[in-house]
Amino acid sequence: MPSAKALAWGTRVIALCLLVQISLTWPLWWGPRSYPLLPTLDLPSALSSLALIGLLLALLGLLRWPRRRELFLGLAVSFLLLLLSDLTRLQVWTYHLSGLLVLLGWYAPQKPDRGLAAVRWVFPLIYWWGGLHKINPHYASISFDWLLSAYDWTAQWRGQSGLVVASVAVELLIGLGLYFRRSRRAAALLGIALHLTLLLLLGPTGHDWNPVVWPWNVLMILLLYGWYYHPPDFKLPRTLLRHPPLLLLLLLWGLLPGANRLDYWDDPLSFKLYAGDHPEALLYFAPSDTACFSPRTMPKTHLLYIDSLGLTQRYLPIGAWAMDELGVAAYNSPAGLRAVARRYCECLERPNRAGVDLIEVRTWRRELVERTYSCRDLRRGLGY
């Protein structure tokens, strides 16, 4: 497949995937919701609405004209405004696919050979970091065993240390093998097998979990085949490493995810997928103080009697709230989870009875660190 045709085809399937994913998570982008917005900048709602319209028009336009630079520019500006107006929209898939489209937009209209080479420099990094982040004491017992519990015939393999090591090795081998001519076809086939397995485990016959990532897995299969398996021969010229857009993505996708281990870079920006050591947060509030949540969210709550306080409290996992109402995971960083709690405290009638229990996993220690912040603490900025 010639480079120009490969880039045009890749642009179209990425744009189509994003359109499907936005439709699956429509409450995240448009309309009333009880899950709070987390703006980085307070933008007028009219500007956010225009940005969404611009994003949809740009994606639809790329289906027809995959080399029009103005469409890529409109898409980049629209995406940036939407992400700034709500941090929850910064999901792994929006981060990954918007980055690929920005890179395609830089090269595709005039330099398709360089564009395809540039994409092939950064595309394998998601597998590399996906595997590296799973090298921790919690992956096997939390994520790996849960994934295999999708079926009775897969559940029997839980707790198999050899399979745990193999699952990590597969991602690392894919990420490494895609860079070399002799191994890239085998790496592409291994990647296709990985995504088919994930679709089987997460799909409607398995856990039926997180439907927004199903089309992303299908997309990755298509890109692995179109950009790596067919044709197998291409070069990665080092001269491209002097180009600003490629250097930026190599920094964001190749180096900064390593800072996640030092708590300097957030999970959604680090390609940290099912690693098992993500932070979690539980909102707690008075049992009658439910007006801030949609009716469909309330079944996710749990009533508990706290002996030490002599009170009955209602608890709600922030992740379950986001998934149930928006169709996506919460922005999984301690600061992001506290920001959700602070926003929800502003809505409650009895904030003196409310707050958040934040649970952080110590990656290299088999322990959980739990911190409780009351609404008063959150308003005062404690823990930030």
Side-chain angles (χ1 to χ4, degrees), residues 18 20-40 48 52 79 82-98 142-143 146 202 207-217 266-285 289-302 314-348 354-361 370-371 373 375 378 383:
L18 277 170
V20 172
Q21 290 180 294
I22 290 171
S23 69
L24 289 173
T25 59
W26 189 245
L28 176 67
W29 307 92
W30 184 271
R33 69 192 211 193
S34 64
Y35 192 91
L37 289 168
L38 299 180
T40 304
S48 296
L52 178 60
F79 241 134
L82 289 167
L83 298 180
L84 288 174
S85 62
D86 185 12
L87 192 63
T88 308
R89 294 171 181 153
L90 189 52
Q91 299 285 311
V92 173
W93 50 273
T94 57
Y95 183 57
H96 183 227
L97 299 186
S98 61
I142 296 178
S143 289
W146 174 78
L202 297 174
H207 284 294
D208 195 18
W209 173 254
N210 204 6
V212 72
V213 304
W214 303 349
W216 179 80
N217 277 279
D266 291 344
D267 288 5
L269 307 179
S270 303
F271 298 140
K272 199 170 186 179
L273 305 168
Y274 299 102
D277 58 351
H278 303 282
E280 300 286 347
L282 294 172
L283 301 173
Y284 66 86
F285 49 100
D289 208 348
T290 60
C292 297
F293 307 102
S294 66
R296 60 179 293 179
T297 299
M298 293 315 298
K300 302 289 184 181
T301 64
H302 306 281
R314 192 180 291 273
Y315 284 81
L316 172 65
I318 289 179
W321 185 13
M323 187 64 69
D324 184 67
E325 187 170 348
L326 306 179
V328 297
Y331 187 81
N332 239 346
S333 74
L337 295 171
R338 287 194 300 266
V340 172
R342 186 175 69 251
R343 290 269 176 168
Y344 116 98
C345 285
E346 297 169 358
C347 172
L348 295 174
V356 62
D357 289 337
L358 183 62
I359 304 166
E360 296 183 63
V361 180
E370 184 174 347
R371 294 184 175 92
Y373 302 94
C375 285
L378 295 167

### Task
Quick one: do Cys292 and Leu348 satisfy side chain to side chain contact (heavy atoms under 4.5 Å, CB included)? Show the steps, please.
CA-CA 7 Å; Cys292 297; Leu348 295 174; 3.8 Å; yes
### Tyr35 versus Asp324, side-chain donor and acceptor atoms under 3.5 Å
no
### Query
Looking only at atom types and distance, does a side-chain atom of Trp214 sit under 3.5 Å from a main-chain N or O of Trp209, one as donor and one as acceptor?
yes
#### Entry: Within-4.5 Å side-chain heavy-atom neighbours: Trp321 and Pro36
yes
### Message
I'd like to know whether His207 forms a side chain to side chain contact (heavy atoms under 4.5 Å, CB included) with Trp146, so could you lay out the CA-CA distance, the side-chain angles of the two residues, the decisive distance to 0.1 Å, and finally the verdict.
### Response
CA-CA 9 Å; His207 284 294; Trp146 174 78; 3.6 Å; yes
### Inter-residue atom distance Thr94.OG1 - Trp216.CH2, 0.5 Å rounding
12.0 Å
### Query
Nearest heavy-atom pair of Gly336 and Ser333: which atoms, and what distance?
N-OG, 2.9 Å
### Task
Drop me the distance from Tyr331's OH to Asp266's CG, to the nearest 0.5 angstrom.
3.5 Å
### Message
Return the CG to CD1 distance between Leu337 and Ile359, rounded to the nearest 0.5 Å.
### Response
10.5 Å
### Query
Does the side chain to side chain contact (heavy atoms under 4.5 Å, CB included) test come out yes or no for Val328 and Thr88, once each step is laid out?
CA-CA 8 Å; Val328 297; Thr88 308; 4.1 Å; yes
### Message
Please report the interatomic distance OH(Tyr284) to SG(Cys375), rounded to the nearest 0.5 Å.
### Response
7.0 Å
### Summary
Minimal heavy-atom distance between Met323 and Ala329, with the atoms involved, is CE-N, 3.8 Å
### Query
Would you call Val92 and Val213 a side-chain contact if the rule is heavy atoms closer than 4.5 Å?
no
#### Entry: Partner set under side-chain hydrogen bond (donor to acceptor under 3.5 Å, both in side chains) for Thr25, not counting sequence neighbours
Trp29
### Message
When you compare the side chain of Leu28 with that of Arg33, does any pair of heavy atoms fall below 4.5 Å?
### Response
yes
### Task
Return the minimal non-hydrogen interatomic distance between Ala281 and Leu358, and the atom names on each side.
CB-CD1, 4.0 Å
### Query
Of all heavy-atom pairs between Pro279 and Asp267, which one has the smallest distance, and what is that distance?
CD-OD2, 3.5 Å
#### Entry: Expected output: side-chain Ser143 to main-chain Gly276 donor-acceptor under 3.5 Å
yes
### Task
Measure the CD-CD distance between Glu370 and Glu360 for me, rounded to the nearest 0.5 Å.
11.0 Å
#### Entry: Note, Glu325 side chain near Phe293 side chain (heavy atom, < 4.5 Å)
no
### Query
Which class fits the ring pair Tyr344 and Phe285: parallel under 30°, tilted 30 to 60°, perpendicular over 60°?
perpendicular
### Task
Grab the two heavy atoms, one from Ser34 and one from Ser294, that are nearest each other, plus how far apart they are.
OG-N, 3.3 Å
### Message
Test side chain to side chain contact (heavy atoms under 4.5 Å, CB included) on Val340 and Val356; report intermediate values, then the result.
### Response
CA-CA 9 Å; Val340 172; Val356 62; over 6 Å; no
### Query
Is Arg338 reaching over with its side chain to a backbone N or O of Leu378, donor-acceptor style, under 3.5 angstrom?
no
### Query
Do Gln21 side-chain atoms and Val212 backbone N/O form a donor-acceptor pair below 3.5 Å?
yes
### Query
What are the two closest non-hydrogen atoms of Tyr274 and His278, and how far apart are they?
N-NE2, 3.9 Å
### Message
How long is the straight-line distance from CG of Leu283 back to CD1 of Ile318, given to the nearest 0.5 Å?
### Response
4.0 Å
#### Entry: Any donor-acceptor pair under 3.5 Å from Asp86 side chain to Pro39 backbone
no
### Message
Taking the basic N atoms (NZ, or NE/NH1/NH2) and the acidic carboxylate oxygens, is any pair closer than 4.0 Å for Asp277 and Lys272?
### Response
yes
